[in-house]
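Below is one structure; the comments refer to it alone.
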There are 2 protein chains.
Amino acid sequence: MLDKRLPDRTVGRLSLYRRLLSELRKRGVSHVYSHELAKAAGVTAAQVRRDVMATGYSGSPTRGYEVEELAASIGKVLDGPARQNVALVGVGNLGRAMLAYFSGRRPNLSIVAAFDSDPGRVNRVINGVRCYPMGELSRVVAEEGITVGVIAVPTTAAQEVAAALIRAGVTGLLNFAPTPLHTPPHVYVQDMDVTTSLERVAYFARQSSEKNTGA
Amino acid sequence: MLDKRLPDRTVGRLSLYRRLLSELRKRGVSHVYSHELAKAAGVTAAQVRRDVMATGYSGSPTRGYEVEELAASIGKVLDGPARQNVALVGVGNLGRAMLAYFSGRRPNLSIVAAFDSDPGRVNRVINGVRCYPMGELSRVVAEEGITVGVIAVPTTAAQEVAAALIRAGVTGLLNFAPTPLHTPPHVYVQDMDVTTSLERVAYFARQSSEKNTGA
DNA sequence: ATAATGCTGTGAACTGATTCACAGCGTGAA
DNA sequence: TTCACGCTGTGAATCAGTTCACAGCATTAT
């Protein structure tokens, strides 16, 4: 099979290419060159060709890539054979933003349950997603075959929530809490640390301004 | 000076170390070894030492790093001489989560203005931040000396908003819209693409499960 | 006073990702 | 039919980031 683990940067870019391709398809475009896709994605053409190579798809030297087929090829790599279910933990502003954003978006990947420790937030349906109390987590995750968890709880609760999700069978986490999680090696964790990101942007924004100001 | 541009991964980790150090300080810890900090941050000890080296600080072979001093040294690199002001564009769920999270958090970096195109959301104060209509953006950004912009608007509006912010003088952007921004080279852009991230987590979560299931 | 310990700082090696550069090909023009 | 073009696919070179491995040192124990 060609599904030997891809580098994670590549996986991220493939996800982006697929969205760009879907946009092109909507606009009726049937073929696209690597340099066009590259421009849209903000990367180099060589990068696009390498990434496409990783999916096993080949374009034509004269036409470029067929939009429809390339998208399908990326899908074969990114999407599993079955739908993957996602659990969201923490239904504050951030959690609700996630629910609003992903409600019925992708068929292959959907948030099927939400959890919160606040009794006032549970036992209702938000954007089509049922919100359970924390005590139900392990049962629901198992019953729904959930493999991915999104952590949108306060920092202090993050580690505990991660542990509970992993115990229940989750093997991938998207962590919005600004703290590193201690997890076993078979679990993939992606940190979305807004604090760090904002500080980084501030740092480089300052570098840019200084360059303009200074010598 | 030692402030030649640092690699951006390094900047991100320094931000994290600083938060960990502040935690240690609160717990009354005065010294810390690279391997301890490494464990807390989820990186190697050699990595920590390299990163610390980049700040110009030196620890003692026997005591390790002085918590207080290392934090100060990181601050000298990450924080500019003056406070940096941030503008938030888009006051939906995500935008409000940002406001709630950053309200009066760091003294050196604070959201001082928010903008939205929805008349129902503007001309009020959320978490201490005044929310203006989009028409005011260029004026307010200039008047407040804002250098960093956070884009939390729908995908379709993102490019336009980015352009407006840059025109007004912003040199760093934190982009939550799942689309690449086309920006001039002096502007630093950090993408926080939740769609991509979630697909990536799903991909690797699946790989992990398959390993357990398969041969 | 001397030796043993276990740390830091750092040159060098390594690793993974990106880019270069070009052979090979399918198409359209002559 | 033949040629010229400009693309793709990919081996090789490059580059950035990380890790290794060890010299040097401040401290503690003897």
Side-chain angles (χ1 to χ4, degrees), chain A residues 2 4-17 21 24 29-67 69-71 73-74 77 180 188 191 196 200 203-204 207, chain B residues 2 4-17 21 24 29-67 69-71 73-74 77 180 185 188 196 200 203-204 207:
Chain A
L2 46 77
K4 38 210 289 245
R5 312 284 181 290
L6 303 172
D8 62 358
R9 309 268 185 100
T10 301
V11 172
R13 284 189 303 264
L14 287 174
S15 158
L16 171 58
Y17 299 157
L21 289 168
L24 288 174
V29 178
S30 66
H31 290 82
V32 65
Y33 294 122
S34 64
H35 64 87
E36 295 173 311
L37 204 46
K39 187 173 178 196
V43 300
T44 65
Q47 182 79 84
V48 169
R49 294 204 297 276
R50 276 268 178 241
D51 292 335
V52 169
M53 213 196 329
T55 73
Y57 176 76
S58 264
S60 131
T62 28
R63 297 289 184 205
Y65 303 111
E66 258 197 69
V67 169
E69 294 204 3
L70 177 52
S73 181
I74 292 174
V77 175
Y188 180 87
D191 286 304
T196 291
R200 181 158 49 190
Y203 174 83
F204 288 105
Q207 301 291 315
Chain B
L2 46 76
K4 40 212 287 244
R5 312 286 181 288
L6 303 173
D8 62 359
R9 309 265 187 102
T10 300
V11 172
R13 283 190 303 263
L14 287 174
S15 157
L16 171 58
Y17 299 156
L21 289 168
L24 288 174
V29 178
S30 66
H31 291 82
V32 65
Y33 293 122
S34 63
H35 65 88
E36 297 172 310
L37 204 47
K39 188 173 177 197
V43 301
T44 66
Q47 181 80 82
V48 169
R49 293 204 297 276
R50 276 268 178 243
D51 292 336
V52 169
M53 211 193 331
T55 72
Y57 176 75
S58 264
S60 130
T62 28
R63 299 288 185 207
Y65 303 111
E66 259 197 69
V67 170
E69 295 202 3
L70 178 52
S73 181
I74 292 175
V77 174
Y188 180 88
T196 291
R200 181 156 49 187
Y203 174 82
F204 288 104
Q207 302 291 317

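The shown structure was predicted, so the numbers you read here are calculated from the model rather than taken from an experiment.
The distance from atom CD of B/E66 to atom P of C/dT8 is 14 Å, rounded to the nearest whole Å. In this structure, B/L6 atom CG and D/dG17 atom C1' are separated by 13 Å, rounded to whole Å. The interatomic distance linking B/R13 (CZ) with D/dA16 (C1') rounds to 12 Å, in whole Å. Straight-line distance from the CG atom of B/D51 to the P atom of D/dA16: 17 Å, rounded to whole Å. C/dT8 atom C1' lies 13 Å from atom NE2 of B/H31, rounded to whole Å.
Once rounded to the nearest 0.5 Å, the distance linking CZ of B/F204 with OH of A/Y188 reads 5.0 Å.
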After noting the C-alpha distance and the side-chain angles of A/L14 and B/Y203, does the key distance pass the side chain to side chain contact (heavy atoms under 4.5 Å, CB included) rule? CA-CA 11 Å; A/L14 287 174; B/Y203 174 82; over 6 Å; no

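Distances shorter than 4.0 Å separate none of the side-chain N or O atoms of A/Q47 from OP1 or OP2 on C/dA17.
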What string of B, S and - do you get for nucleotides 3-13 of chain D 5' to 3' if you count protein non-hydrogen atoms under 4.0 Å? ---BBBBBBB-

Which pairs of donor and acceptor atoms, one on a side chain in residues 58-67 of chain A, lie under 3.5 Å apart (sequence neighbours left out)?
unit_1	atom_1	unit_2	atom_2	d
A/S60	OG	A/T62	N	3.1
A/S60	OG	A/T62	OG1	3.3
A/S60	OG	A/R63	N	2.9

Considering only distance and modelled atom types, tabulate donor-acceptor pairs under 3.5 Å from the side chains of residues 34-45 of chain A, sequence neighbours left out.
unit_1	atom_1	unit_2	atom_2	d
A/S34	OG	A/R49	NH1	3.4
A/E36	OE1	A/Y33	N	2.7
A/T44	OG1	A/Q47	N	3.1

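Put simply, the side chain of B/L70 does not reach to within 4.5 Å of the side chain of B/Y17, judged on heavy atoms. Inter-residue side-chain proximity for B/L24 and B/L21 is flagged as met; some heavy-atom pair is nearer than 4.5 Å.
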